[in-house]
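Heavy-atom basis, side chains included; hydrogens, waters and symmetry copies ignored. First the proteins, then the strands, lettered A, B, ... as listed; each starts at 1. Model, not experiment: these values are computed from the prediction.
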Amino acid sequence: METLAVIDFETTGMSPGHGARATEIAAVLVRGGAIVGRYQSLMNAGAYVPPFIEELTGISNAMIRKAPPAEQVMREVAEFVGVHPLAAHNAAFDRKFWDDELARIGLSRRQEFACSLLLARRIYPDAPNHKLGTLVEYARVPVAGRFHRALADAEMTASLLLRMEEELMRRFRLEAVSHELLRVIQAASRRELEACVERWRGVGG
DNA sequence: TGCCAGGCCCTCTTTAGGGCCTT
């Protein structure tokens, strides 16, 4: 049975290419339609947390100073995730930080990301918007805690992915939805969801 | 001190611009 690792970063800014660093990471393991494992830690990368980010996340400079070193946390979470396929909400963002923080300890990513944002745009085109908080309400996913904290966001992203997998199974009469199928769907045009799944079914996916 | 990005995708498109998402 496939296990999926859903991750979420809190950071000091938008891009590691401009000096932003991670302040917190969470990873949850999803298997058999349920969350079966959780990892969460603040991390001290020596970076300054701007006031806007402190307000947004509730993660302060004082909290970061007392947190374990980023190197230690990244080694732990990389070990926790292993080679399981990855997922995140707006994965382009988390992928940048995952790759950057791993590179700093001499590691590299071993798997691809599924993106719950791209999937939601295809599966829930009529949602008011595709922010995580809006989708949690729209898809009736349980609120797991404070938004913009890593573990709560990772758990809600995982639950949203499970809800979308259920929707795909119902709509297309599939017995299961693999990470590979999610990758195929998110890579296809928004307007071609039906044709994309039928092609997948046709080649025995 | 506290600046800042970039991929996706739509459309009044493709010789481009701008909104959506993530922190």
Asker: Over 60° means perpendicular and under 30° means parallel, so classify the ring planes of A:Tyr138 and A:Tyr124, tilted if in between.
Answerer: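 Rings of A:Tyr124 and A:Tyr138: perpendicular, as their planes differ by over 60°.
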
Asker: In terms of the nearest nucleotide of DNA chain B, which residue is placed more toward the 5' end: A:His89 or A:Arg191?
Answerer: A:Arg191

Asker: What integer number of Å spans the P atoms of B:dC20 and B:dG2?
Answerer: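 Looking at atom P only, B:dC20 and B:dG2 are 29 Å apart.
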
Asker: Using atom CD of A:Glu192 as one end and atom P of B:dC9 as the other, report the distance to the nearest whole Å.
Answerer: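 To the nearest whole Å, that distance equals 12 Å.
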
Asker: Can you confirm whether more than 12 heavy atoms, excluding those of A:Gln111, are under 6.0 Å from its CD atom?
Answerer: yes

Asker: Check the distance between B:dC4's P and A:Phe52's CZ and give it to me in whole angstrom.
Answerer: 12 Å

Asker: A:Leu118 side chain: which of B:dT23, B:dG6, B:dC8 is closest?
Answerer: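 Among the listed nucleotides, the one closest to the side chain of A:Leu118 is B:dC8.
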
Asker: Roughly how many Å apart are B:dC9 and B:dT14, using the C1' atom of each and rounding to a whole number?
Answerer: 13 Å

Asker: Without decimals, in angstroms, what is the distance between A:Leu132 CG and B:dC20 P?
Answerer: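 My rounded result for the distance is 17 Å.
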
Asker: Looking at A:Ala22, is its backbone amide N or carbonyl O close enough to the side chain of A:Glu101 to form a donor-acceptor pair, meaning the two atoms are under 3.5 Å apart?
Answerer: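 It does hold such a pair.
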
Asker: Which part of the nucleic acid, if any, lies within contact of A:Thr23, taking any heavy atom under 4.0 Å across all strands shown: a base, the sugar-phosphate backbone alone, or nothing?
Answerer: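 Counting heavy atoms under 4.0 Å across all strands, no contact is made by A:Thr23.
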
Asker: Whole Å only: how far is the OH atom of A:Tyr48 from the P atom of B:dC4?
Answerer: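 Atom-to-atom, A:Tyr48 to B:dC4, this comes out as 14 Å.
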
Asker: Starting the side chain at C-beta, find the nucleotide from B:dC21, B:dA5, B:dT22 nearest to A:Lys96.
Answerer: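 Nearest listed nucleotide: B:dA5.
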
Asker: NA contact type, A:Arg149, heavy-atom cut-off 4.0 Å: base, sugar-phosphate, or nothing?
Answerer: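 Answer is nothing: A:Arg149 stays at 4.0 Å or more from every strand.
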
Asker: Rounding to the closest angstrom, what is the interatomic distance between B:dT13 and B:dG17 at atom C1'?
Answerer: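 That atom pair is separated by 9 Å.
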
Asker: Taking the C1' atom of each, how far is B:dC12 from B:dA16, in whole Å?
Answerer: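 One C1' to the other, the span is 11 Å.
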
Asker: Tell me: CE of A:Met14 to C1' of B:dC21, nearest whole Å?
Answerer: 8 Å

Asker: Could you check whether atom CZ of A:Arg31 has more than 12 heavy atoms from other residues, nucleotides or ligands sitting under 6.0 Å from it?
Answerer: no

Asker: Would you classify A:Arg190 as touching base, sugar-phosphate or nothing, given that sugar-phosphate means primed atoms plus P, OP1 and OP2, and contacts are heavy atoms under 4.0 Å?
Answerer: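 Since only primed, P, OP1 and OP2 atoms lie under 4.0 Å of A:Arg190, the category is sugar-phosphate.
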
Asker: Atom CG of A:Asn90 and atom P of B:dG7: how far apart are they, to the nearest Å?
Answerer: 11 Å

Asker: Which whole number of Å gives the distance between the P atom of B:dT1 and that of B:dG18?
Answerer: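 The same atom, P, in both gives a distance of 36 Å.
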
Asker: So does A:Gly46 get a backbone contact from the side chain of A:Arg21, meaning a donor-acceptor N/O pair under 3.5 Å?
Answerer: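 Absent.
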
Asker: Remember a base hit wins even if backbone is also touched, and classify A:Asn61 as base, sugar-phosphate or nothing at under 4.0 Å, heavy atoms.
Answerer: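 Nothing: the residue A:Asn61, judged by heavy atoms under 4.0 Å, touches no strand.
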
Asker: Does atom CD of A:Glu137 have more than 12 heavy-atom neighbours, drawn from other residues, nucleotides or ligands, at distances under 6.0 Å?
Answerer: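 No, CD of A:Glu137 has 12 or fewer neighbouring heavy atoms, counting only those of other groups under 6.0 Å.
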
Asker: Assuming nearest nucleotide by heavy-atom distance, tell me which of A:Pro51 and A:Thr11 is located more 5' along DNA chain B.
Answerer: A:Pro51

Asker: Is A:Phe9 touching bases, backbone alone, or none of the nucleic acid, heavy atoms closer than 4.0 Å?
Answerer: sugar-phosphate

Asker: Without decimals, in angstroms, what is the distance between A:Lys131 NZ and B:dT23 P?
Answerer: 11 Å

Asker: Taking only the side-chain nitrogens and oxygens of A:His130, find out if one of them lies under 4.0 Å from OP1 or OP2 of B:dC21.
Answerer: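 Yes, such a contact exists.
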
Asker: Mind checking if A:Asp8 touches a base, just sugar-phosphate, or nothing, with heavy atoms under 4.0 Å?
Answerer: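 Contact class for A:Asp8: sugar-phosphate only.
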
Asker: Quick check, does A:Phe93 stack with B:dG6? I mean ring centres under 5.5 Å and planes off by under 30°.
Answerer: no

Asker: When the P atoms of B:dC3 and B:dC21 are considered, how many whole Å apart are they?
Answerer: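 Each nucleotide's P atom is 24 Å from the other's.
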
Asker: Atom CG of A:Asp94 to atom P of B:dT23: distance rounded to whole Å?
Answerer: 7 Å

